[in-house]
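Order of appearance sets the numbers: ligands from 1, and atoms from 1 within every ligand. Quick note: numbers below take in every heavy atom, side chains included, and nothing from hydrogens, waters or symmetry partners.
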Amino acid sequence: MKPIARRSFLINTLKIGAVLPLTGIPFSLLADSPEETKSARQENKGSKEENISNKYKATATPDRLILTLTEDPSTSMTINWRTADTAGENFVEYTVADAHPVFVNKVQQEKAVGRNFHFESIMAKNHSITLKGLLPATVYSYRVGAENDWSEWMQFRTAEKSGAQAKISFIYLGDAQVGIRPLWSRVIRKAYAANPDASLVIHAGDLVNRANKDEEWGDWFAAGSFIHSTIPALVTPGNHEYTHEDGKPHLSVYWKEQFQLPANGPANPLLAGSCYYADIQGVRFISLNTQMLEEAQTQDCITHQVEWLHQVLKSNPRGWTCVTMHHPVFSTKGVGITSR
Ligand SMILES: [Fe+2]
């Protein structure tokens, strides 16, 4: 299927589902020009030299702490963080929040899953854990780490259990990629200040400019700071999360290591960690991977995603559906533009 035909296929699919009542599409995402994508590919080829500086060196103290959505954020929450690869077992301690500094409520401890991350000159370990059996609509306090290397205590609030009529708000951000420290840091903090009770933050692709550049990921985590570890994220990859060293698209080596996401997507490894959904109160949030529509190497990769989307739309028990993807459904740019 030609790229433009793929886009039409997706448009028709979304019309059938009568979706997108809530999705906002940032102006700058109204299609990537071939020049932009070509530039990104060239930049990504140079990532090896760029990573030698290792500006954000991992230590024993947890950093890059971020909450990611689960399929049901009313009773579960996934926590992700990073340490040096020399760190031992890491844990999460959590409890229903109270005002006492040493916590009156019982603090529970669970061991995280740690994965060494060795890429070029980067030596680190990524940790993650999904807390289950949580109480709906409840504020939890938590910290991560081990022994004398704990993070500060953070807080998050679980979603209401059904909440068909419950108020919900979320923050939508796209294309952080350029000017992360001078500009995006102010954008996400202003968004949080305006919406401190948001149930999730949607990052709709191009979080960084060069998919495998550690410094840019470090900038992204630093700019988001405690917001990342307070409100769960729904992350969707854009074209800048892909590299093309051998001419084929490869999702950033960082993506699935630092973002543990719901495994309820299509049965296709090329779509893992990018196609998934989460039900939050009255809304089903769906993440699509439109880069794998643009650059799919086989028809199977397209068919799997389209069929999965149909099934997820048909089975949606919630009153609303919000679909997020990096590419726009409608573009102000000319017909026939592709990322190739
Ligand atoms: Fe893009």
Side-chain angles (χ1 to χ4, degrees), residues 2-4 6-11 14 20 23-47 50 171-184 187-188 191 201-213 215-217 219-220 223-224 233-245 247-256 258-259 261 270-271 273-276 286-297 301-302 305 322-340:
K2 293 180 179 178
I4 190 63
R6 295 172 189 169
R7 188 165 291 182
S8 297
F9 201 132
L10 180 60
I11 291 171
L14 294 173
L20 295 171
T23 302
I25 296 172
F27 181 78
S28 59
L29 293 186
L30 297 178
D32 292 305
S33 68
E35 292 75 18
E36 183 186 0
T37 299
K38 182 180 178 182
S39 172
R41 290 180 181 180
Q42 290 171 340
E43 289 169 344
N44 282 331
K45 284 182 179 178
S47 62
E50 303 285 346
I171 296 170
Y172 179 96
L173 297 164
D175 293 62
Q177 69 186 108
V178 176
I180 294 173
R181 285 177 71 89
L183 178 59
W184 192 73
V187 172
I188 187 171
V201 181
I202 296 176
H203 300 277
D206 290 0
L207 285 63
V208 295
N209 203 43
R210 282 163 284 190
N212 290 336
K213 189 179 179 189
E215 182 177 337
E216 293 189 9
W217 285 113
D219 288 348
W220 188 85
L234 186 162
V235 291
T236 299
N239 52 305
H240 282 261
E241 272 75 45
Y242 279 83
T243 59
H244 300 83
E245 293 89 348
K248 298 177 182 176
H250 297 280
L251 186 59
S252 166
V253 296
Y254 284 80
W255 192 265
K256 286 186 279 188
Q258 63 191 10
F259 302 134
L261 297 161
L270 294 176
L271 301 174
S274 56
C275 283
Y276 57 93
I286 302 172
S287 169
L288 295 182
N289 185 334
T290 47
Q291 196 60 28
M292 283 296 98
L293 294 179
E294 290 282 337
E295 295 196 291
Q297 301 294 304
C301 193
I302 299 170
Q305 189 168 185
C322 179
V323 179
T324 188
M325 66 199 90
H326 184 63
H327 294 80
V329 176
F330 301 105
S331 174
T332 57
K333 293 190 176 180
V335 173
I337 289 178
T338 76
S339 62
R340 292 179 185 279

Is the Fe ion (ligand 1) less than 2.8 Å from at least one N/O/S atom of D175?
no

Output yes if Q177 passes the N/O/S-under-2.8 Å test against the Fe ion (ligand 1); output no otherwise.
no

Taking all non-hydrogen atoms of both residues, which atom of Y254 and which atom of N212 are closest, and how far apart?
CE1-O, 3.6 Å

Taking both backbone and side-chain atoms into account, decide whether H326 has an N/O/S atom under 2.8 Å from the Fe ion (ligand 1).
yes

Using the side-chain contact (heavy atoms from CB on, under 4.5 Å) definition, which of the options I171, T236, V235 pairs with H203?
V235

Nearest heavy-atom approach of T290 to M325 is CG2-CB, 3.6 Å

Name the orientation class of the two ring planes belonging to H244 and Y242 (parallel below 30°, tilted from 30 to 60°, perpendicular beyond 60°).
tilted

Which angle, to the nearest 10 degrees, do you find at the Fe ion (ligand 1) between OD1 in N239 and OD2 in D206?
100°

